[in-house]
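Okay, structure first, notes after.
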Amino acid sequence: MPANILNLPGYRVLAVKETEHDYHIKAETDSPAGLCPACNSRDVVGYGRIEVLVHDLAMHGKRVGIYVDARRLRCKGYSKTFMETLPGVNPNRWMTNRLVKWIGQQSLRRTFTSIAEEVGVTEGTIRNVFSDHVNDLERSVRFETPIWMGIDEIHIIGQPRV
Ligand SMILES: [Zn+2]
């Protein structure tokens with residue numbers, strides 16, 4: 001078993017299935033984070049498993065789907081069940097953080113359709129990641145702008161006044 005095929009810290013690969021266009025990788029976390037999201041209690045017990053699909057970067061020209069055999073946990077204090085935290089995964093998108101980052105970069109210079117096809121997600125998902133990425137870029141530009149304005153102001157102030 002190629003245990004490190006994912007090269008994603010925090011996971012143990014359980015099985016790999018390869019088809020013409022896809023890798024289906026079954027995995028589980030190697031040290032589950034058992035912290036109740038409601039009350040931060042560590043007093044939690046196992047409550048079965050749930051399989052979740054997480055998209056990852058394409059590998060060897062094939063799309064990668066990680067089928068995580070995630071633990072469900074139950075907080076003893078609240079009797080609430082929740083899913084363990086998945087390391088390296090964006091919880092809003094069911095994609096690895098590294099895939100989200102990659103899509104953000106690619107979306108600036110490629111068609112959304114071609115990216116969607118390459119990684120196996122919908123075009124709408126690509127559009128959403130693109131829009132988040134552009135917002136992040138704009139925020140960082142706005143943050144840098146005052147520095148340049150400051151320099152301009154110094155020049156203006158330094159001009160001889162009539
Ligand atoms: Zn709790």
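Nothing here was measured: the structure is a model prediction, and the numbers come from that model.
Checked by atom type, the side-chain pair T29/R71 shows a donor-acceptor distance below 3.5 Å.
To the nearest 0.5 Å, atom SG of residue C36 and atom NZ of residue K76 are 13.0 Å apart. If you take CG on L57 and CZ on R63, they are separated by 14.5 Å, rounding to the nearest 0.5 Å. Rounded to the nearest 0.5 angstrom, K101 NZ and Q106 CD are separated by 12.5 Å. Taking OG1 from T96 and CG from L86, the interatomic distance works out to 11.5 Å, rounded to the nearest 0.5 Å.
Between P87 and P9 there is no side-chain heavy-atom pair separated by less than 4.5 Å. In this structure, the side chains of M59 and I25 come closer than 4.5 Å at one or more pairs of heavy atoms. Taking the side chain as every heavy atom from C-beta outward, L35 and T85 never approach each other to under 4.5 Å. Counting heavy atoms from C-beta on, the side chains of L6 and I66 come closer than 4.5 Å. Side-chain contact between I126 and V121 is present, with heavy atoms from C-beta onward closer than 4.5 Å. Using a 4.5 Å heavy-atom cutoff, the side chains of E28 and L14 are in contact.
A chain of hydrophobic side-chain contacts below 4.5 Å, direct or via other Ile, Leu, Val, Met, Phe, Trp or Tyr residues, connects V16 to V64. Following chains of ILVMFWY side-chain contacts shorter than 4.5 Å, one cannot reach V44 starting from I50, and the two form parts of different hydrophobic clusters. V68 and M83 fall within a single hydrophobic cluster, where Ile, Leu, Val, Met, Phe, Trp and Tyr side chains are chained together by heavy-atom contacts under 4.5 Å. The hydrophobic cluster containing I5 also contains V89, counting ILVMFWY residues as joined when their side-chain heavy atoms lie under 4.5 angstrom apart, directly or transitively. Hydrophobic clustering of Ile, Leu, Val, Met, Phe, Trp and Tyr side chains at less than 4.5 Å, counting indirect connections, unites Y11 with V13.
The ring-ring contact (aromatic ring centres under 6.0 Å, His included) pairs that include a residue from residues 109-128 are F112-F130, where partners are two or more places apart or lie in different chains. For the salt bridge (charged side-chain N to carboxylate O under 4.0 Å, His left out) condition, the pairs that include at least one residue of residues 115-132, sequence neighbours left out, are R93-D132, R110-E118, E123-R127. Residue pairs that meet the ring-ring contact (aromatic ring centres under 6.0 Å, His included) test with at least one member in residues 41-68, sequence neighbours left out, are Y23-H60, H24-Y67. Residue pairs meeting the ring-ring contact (aromatic ring centres under 6.0 Å, His included) criterion with at least one member in residues 87-111: none, sequence neighbours excluded.
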Please walk me through it: do L137 and L108 pass side chain to side chain contact (heavy atoms under 4.5 Å, CB included)? CA-CA 11 Å; L137 289 177; L108 298 177; 4.0 Å; yes
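A donor-acceptor contact shorter than 3.5 Å links the side chain of S107 to the backbone of I103.
Among residues two or more places apart in sequence or in another chain, the side chain to side chain contact (heavy atoms under 4.5 Å, CB included) test is passed with P37 by F82. Applying the salt bridge (Lys or Arg N to Asp or Glu O under 4.0 Å) test to K26 and every residue at least two apart in sequence or in another chain returns E51.
Salt bridge D69/R49: present, at least one basic N to carboxylate O contact under 4.0 Å. Taking a cutoff of 4.0 Å between a charged side-chain nitrogen and a carboxylate oxygen, K62 and E20 do not qualify as a salt bridge.
Partner of N90 under the side chain to side chain contact (heavy atoms under 4.5 Å, CB included) criterion, chosen from V100, V54, L99, V129: V100.
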